[in-house]
Structure formats: C-alpha cells, structure tokens
Number of protein chains: 2
Amino acid sequence: MATKRAQMMEETRAKLIRAARKAFAAKGYAAASMDELTAEAGLTRGALYHNFGGKQGLLQAVVDQIDREMVERMLAAQDQAANRWDGLLEEGVAYIEMALEPEVQRIMLLDGPAVLGDPSQWPNQNACLLRTTQTLQALIDEGTVKPVDAEAAARLINGAALNAALWIAAADDPRAVLPKAVEAFRQLAAGLLRAER
Amino acid sequence: MATKRAQMMEETRAKLIRAARKAFAAKGYAAASMDELTAEAGLTRGALYHNFGGKQGLLQAVVDQIDREMVERMLAAQDQAANRWDGLLEEGVAYIEMALEPEVQRIMLLDGPAVLGDPSQWPNQNACLLRTTQTLQALIDEGTVKPVDAEAAARLINGAALNAALWIAAADDPRAVLPKAVEAFRQLAAGLLRAER
DNA sequence: CGCATTGACATACGATGCGTATGTGGCCCA
DNA sequence: TGGGCCACATACGCATCGTATGTCAATGCG
C-alpha cells in the first residue's frame, strides 16, 4: 500500500486543483489570488509552491486534468457513432458542447494558451487534438477523406469547433445558436470528404 | 486646424501605443511593465492612465489599431481575387499569414481574448470577422455557397484559419507546414460550396 | 521502542507592479 | 497679460507573487 505521507500528498494536490479549477474558472487566471485559493482548500501558499512550483504549475496541473476529461468524453461520443466519419463529427460536436462549460472555456481556451503558450506545446501533448488527428488519419487511410495532411485538418476542425463554442457561449441565447453552429460545422467538415455522398 | 494641445495628445497616444505593441508582443500582456513601457515612450504612467484609463485600456487601443490594419490587408487580398469565392479563400489565407506575425499572434490571438474577453464582444465589434460574414452572405445570396448561417460559417472559417496560424507559428519549420495548412483550409472551405465544382 | 532525520507544509520577508490621489508647468482665452 | 484648465509627472498605498526560513509529524534505523 502507498505510504501515509504519499496519501496525504495526493489529497493535498487534489484539494488544491479542485479549488484552482473553481477560482480560475470564476475569476480568470490573473485575477485569482493564490492566498484565497489555498485558504479555500484549507491550506496556505506553502503547499502550493511545494507541490506545483508556483501559480503556473498549478494551472498546468489543472489543464492536464481537464484535458484528460475531455479526451474521455470525446471517446465516449465517438464510440456511439455508426461509423468512423460520424464519429469524427460527434467528436467535434462533443468538443463544441464541452466548450460551453465556463471551466473549459475560461481555462482551456482563454487563459491556458495565454499563460502556457500554444496548446500543441503543452507537456500533455494535447491529447484532445491528438485523438482527432488519429481519427482523421484512419479516415484518410480507408479512403473516406481526401488525402490531406491529417494534423493540419485536425487543427482546422478543432479550431472551427472551438470558435463555434466561443461564439455560442458569448451569445445572448446560446440554445438558439447551437444548432446553427453544429449545422455549419457539419457542412464545413463535409469539405474533407472524398466524394459526394 | 486642430489645436496644438490636441496634436500633442495624439502624438502621446501614438507613442504609447507604439511602445505597447512592442512590449506586449515581446513579453506578453501580463509580463509587460507599465513603468518600462511608458519610459520607453519617454513618458510616465501618468500619461497612460490619463489617456487610456489603465493597462487594459491601452491593450484595447492596441487591439483596435491592429484590427483595423488586419481588415485593410484582408480587403487588399480579396480585391485581387478573380471572383468572390476566391476572394473569401484569399481572405482566409491572408488571415493565416497575418497570424504568423508575433505581434498579431500574441496580442490578438492569445492575450487579447484572455484579457478583454471574447473578441466578438469587443467594442470595435471585430471588424475582421464582420467582413468575412458579409462576404459569405453575398456568396450565399448569389448561390455559390450553401444556405447556411453566414455568421456561423464565418466564425468557423475564421477559427480554422486561426488555429492553422497558431500551428504554423509554433512549428519547428513554419515555412514547411504553411502550404499544408493552406491546402487543408481550401479543402475544408470547399464544404460550404453548393455543388461539386 | 526511541531518537535522529527527512520532508510536507506554514510563516515571515522582500520585491515588484498596479491604481489613485495629489502636485505642477505650460497652453488657451478673456 | 494673467488666471484657469488640462495634460502629464510625482508620490503613496495596497495587493500579490516568489523565496527563505521555521516547525511539526511521519519514517526508518539502531
């Protein structure tokens, strides 16, 4: 079994990450105070610097955690699609829907890139994007999709979905624009298909 | 003629904006010191707070200025295209190329949204995006493009181009991936066309 | 089983940087 | 030409981050 100290350590990290997700999502990275954040978790800044090295390190940990959750949900969305192409579309739609959550939007789409730099450079290697790339490559191999560069296409698809989500989230009536965005997304993605269907 | 004081005022604003563009692009918004910034312009923070209200106000002014320049270049790109559809593509390509400049990338794509919020909410009303929407609407009206929501499509297109640019800029060899991104962009955009060409 | 050591976290300190309140010198108009 | 006003400089307080130091409990060894 894991030693008692290691258990406490993990619990501490979890508490900090939990508080950080809430604070970063609510106030944004810059405006979030480390003192308040750690106090909320029943700790002090000492624990923070010991476990994560600093404010950026904590953000990094939060980003990694959310990224893992996003991949999980994208996998689930893809699994319940009839074929691989629909799976790709469902991935995109799932991505759009996830980006509606303030936590994802603020942390992953706004502050994350601004503080940590381009997502593709993140240590976690942007698992989310990697998944889309792999799916696309498979579609190209099986002849469903035109022979374009898989990574390039994946990035464009992701970018399109991302902006769709940002748009929806900022709209007066998100529920109203969501179908419009999804429809436009499907049309756009169809451009990658090899032949008319 | 404009009074002398007004002239000096404009000159001061211009000097501050110039210094801000350099500092924000080089260090990022958060790391840019207002003291250094204003000193670089031969002024102090007093001038800053008088003219722009604060750090955010200065960023806003910088963003507006760059946004105007981007629209100008997109117009130029569109004008030298054979038809309206190619004009749209050229706009996209121009957008991608502009996003390769560190200034645009850092200020407009990373720090801008993070600090000022979603671009579509900016006072300047995101002239850049507005242009694409208008072009798309015209293409829909003339029957070239499928009858999708113009704004939705414009946002997706822009988002795709944006991410393409971010990818290119972060790549080890930007010159090598640029053509791949442009090609994928063209393929993707083709999904909006009404019929096969 | 008890003590020295390690390490997780708290506390204390210094530095930096933003925003605001107050001061001042030069331009405009009577 | 002199007083008011305005653009900008100076001075201050406050918040926050990072680091250096302290402390107490868990661990492992004799």
Side-chain angles (χ1 to χ4, degrees), chain A residues 1-20 22-63 107 111-112 114-117, chain B residues 1-63 106-107 111-112 114-117:
Chain A
M1 103 177 199
T3 167
K4 191 171 180 182
R5 292 184 72 115
Q7 279 181 28
M8 293 302 294
M9 194 96 182
E10 270 315 302
E11 178 58 25
T12 297
R13 291 172 61 92
K15 279 196 287 191
L16 284 174
I17 291 179
R18 217 175 307 143
K22 218 169 74 173
F24 287 160
K27 306 182 173 187
Y29 175 79
S33 164
M34 294 294 101
D35 278 324
E36 289 182 20
L37 212 171
T38 51
E40 168 93 16
L43 297 162
T44 68
R45 287 209 332 264
L48 210 178
Y49 284 91
H50 190 76
N51 282 286
F52 298 101
K55 197 176 185 180
Q56 276 202 28
L58 182 57
L59 177 62
Q60 182 79 249
V62 167
V63 161
I107 300 175
D111 290 334
V115 176
L116 305 174
Chain B
M1 100 177 201
T3 167
K4 191 171 180 182
R5 291 182 74 114
Q7 279 181 30
M8 292 302 293
M9 193 96 181
E10 269 315 301
E11 178 58 24
T12 296
R13 291 173 61 93
K15 278 195 287 191
L16 285 174
I17 291 180
R18 216 176 306 143
R21 285 180 69 147
K22 218 168 74 174
F24 288 160
K27 306 182 172 185
Y29 175 79
S33 163
M34 293 293 101
D35 278 324
E36 289 182 20
L37 212 169
T38 50
E40 168 93 16
L43 296 161
T44 69
R45 290 211 331 266
L48 208 178
Y49 283 90
H50 190 74
N51 282 285
F52 299 101
K55 198 177 185 180
Q56 276 203 26
L58 182 57
L59 176 62
Q60 183 78 62
V62 167
V63 161
R106 182 84 230 188
I107 299 176
D111 289 334
V115 176
L116 305 175

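Below, read A as the first sequence line, B as the second, and so on, with proteins coming before strands; counting in each chain starts at 1. These numbers were taken from a predicted model, which means no experiment stands behind them.
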A.B. asks: Report the distance from atom CE of Met8(A) to atom P of dC24(D), rounded to the nearest whole Å.
C.D. replies: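 Answer to the nearest Å: 17 Å.
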A.B. asks: Taking only the side-chain heavy atoms of Ser33(B) (C-beta and beyond), determine which of dG17(C), dC17(D), dC8(D) contains the nearest atom.
C.D. replies: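 Ranking dG17(C), dC17(D), dC8(D) by closest atom to the Ser33(B) side chain puts dG17(C) first.
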A.B. asks: Side-chain contact, heavy-atom cut-off 4.5 Å: Phe52(A) with Leu16(A)?
C.D. replies: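 Yes; the side chains approach each other to less than 4.5 Å.
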A.B. asks: Take the protein atom CD of Glu36(B) and the nucleotide atom P of dG17(C), then report the distance between them rounded to whole Å.
C.D. replies: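 Answer to the nearest Å: 7 Å.
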A.B. asks: Calculate the interatomic distance between Leu58(B) atom CG and dG17(C) atom C1'; express it in whole Å.
C.D. replies: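 That distance rounds to 15 Å.
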A.B. asks: Could you check whether Thr44(A) gets within reach of a base, just the sugar-phosphate, or nothing at all, counting any heavy atom under 4.0 Å?
C.D. replies: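 Base contact.
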A.B. asks: Which whole-number value in Å describes the distance from Gln56(B) CD to dG17(C) C1'?
C.D. replies: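 Nearest whole value for this atom pair: 15 Å.
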A.B. asks: What is the distance from CG of Leu48(A) to P of dT11(C), rounded to the nearest Å?
C.D. replies: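 Value for this atom pair: 15 Å.
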A.B. asks: Among dC17(D), dC18(C), dC8(D), which nucleotide has an atom closest to any side-chain atom of Asn51(B)?
C.D. replies: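 Of the options given, the side chain of Asn51(B) lies nearest dC8(D).
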A.B. asks: Does the side chain of Leu59(B) come within less than 4.5 Å of Ile107(B)'s, by heavy atoms?
C.D. replies: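 The answer is yes, as the side chains (C-beta and beyond) meet within the 4.5 Å cut-off.
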A.B. asks: I want to verify a distance call: between dC8(D), dA11(D), dT19(D), whose nearest atom is closest to the Met9(B) side chain?
C.D. replies: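 Side chain of Met9(B) sits closest to dC8(D).
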A.B. asks: Report the distance from atom CZ of Arg45(A) to atom C1' of dG22(D), rounded to the nearest whole Å.
C.D. replies: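 For the pair Arg45(A) CZ and dG22(D) C1', the rounded distance is 16 Å.
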A.B. asks: Rounded to whole angstrom units, what separation is found between the CZ atom of Phe52(B) and the C1' atom of dA7(D)?
C.D. replies: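 Going from Phe52(B) (CZ) to dA7(D) (C1'), I get 13 Å.
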A.B. asks: Report yes if at least one side-chain N or O of Thr12(A) is closer than 4.0 Å to OP1 or OP2 of dA8(C); otherwise report no.
C.D. replies: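 Looking at the OP1 and OP2 atoms of dA8(C), neither is under 4.0 Å from any side-chain N or O of Thr12(A).
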A.B. asks: Within the structure, does a side-chain N or O atom of His50(A) lie under 4.0 Å from either OP1 or OP2 of dC9(C)?
C.D. replies: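 No, outside the criterion.
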A.B. asks: Look at the side chain of Lys55(A) and decide which nucleotide, out of dA9(D), dG18(D), dC9(C), has an atom nearest to it.
C.D. replies: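 In terms of side-chain proximity for Lys55(A), the closest of dA9(D), dG18(D), dC9(C) is dG18(D).
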A.B. asks: Are any side-chain N or O atoms of Lys55(B) and backbone N or O atoms of Tyr29(B), one a donor and one an acceptor, separated by less than 3.5 Å?
C.D. replies: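 The answer is yes, because a donor-acceptor pair under 3.5 Å joins these two groups.
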A.B. asks: Rounded to whole angstrom units, what separation is found between the CE atom of Met34(A) and the C1' atom of dC9(C)?
C.D. replies: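 Going from CE in Met34(A) over to C1' in dC9(C) covers 17 Å.
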A.B. asks: For the side chain of Tyr49(A), counting heavy atoms from C-beta on, which of dA9(D), dC18(C), dC17(D) is nearest?
C.D. replies: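 Of the candidates, dC17(D) comes closest.
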A.B. asks: Hey, does Leu37(B) have a side-chain heavy atom less than 4.5 Å from the side chain of Leu48(B)?
C.D. replies: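 No; the side chains remain at least 4.5 Å from each other.
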A.B. asks: Just call it for Ala32(B): base, sugar-phosphate, or nothing, with non-hydrogen atoms closer than 4.0 Å on any strand.
C.D. replies: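 Sugar-phosphate: the residue Ala32(B), judged by heavy atoms under 4.0 Å, touches backbone atoms but no base.
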A.B. asks: Might you confirm whether atom NZ of Lys22(B) has over 12 heavy atoms from other residues, nucleotides or ligands at distances under 6.0 Å?
C.D. replies: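 Open: at most 12 neighbouring heavy atoms sit under 6.0 Å from NZ of Lys22(B).
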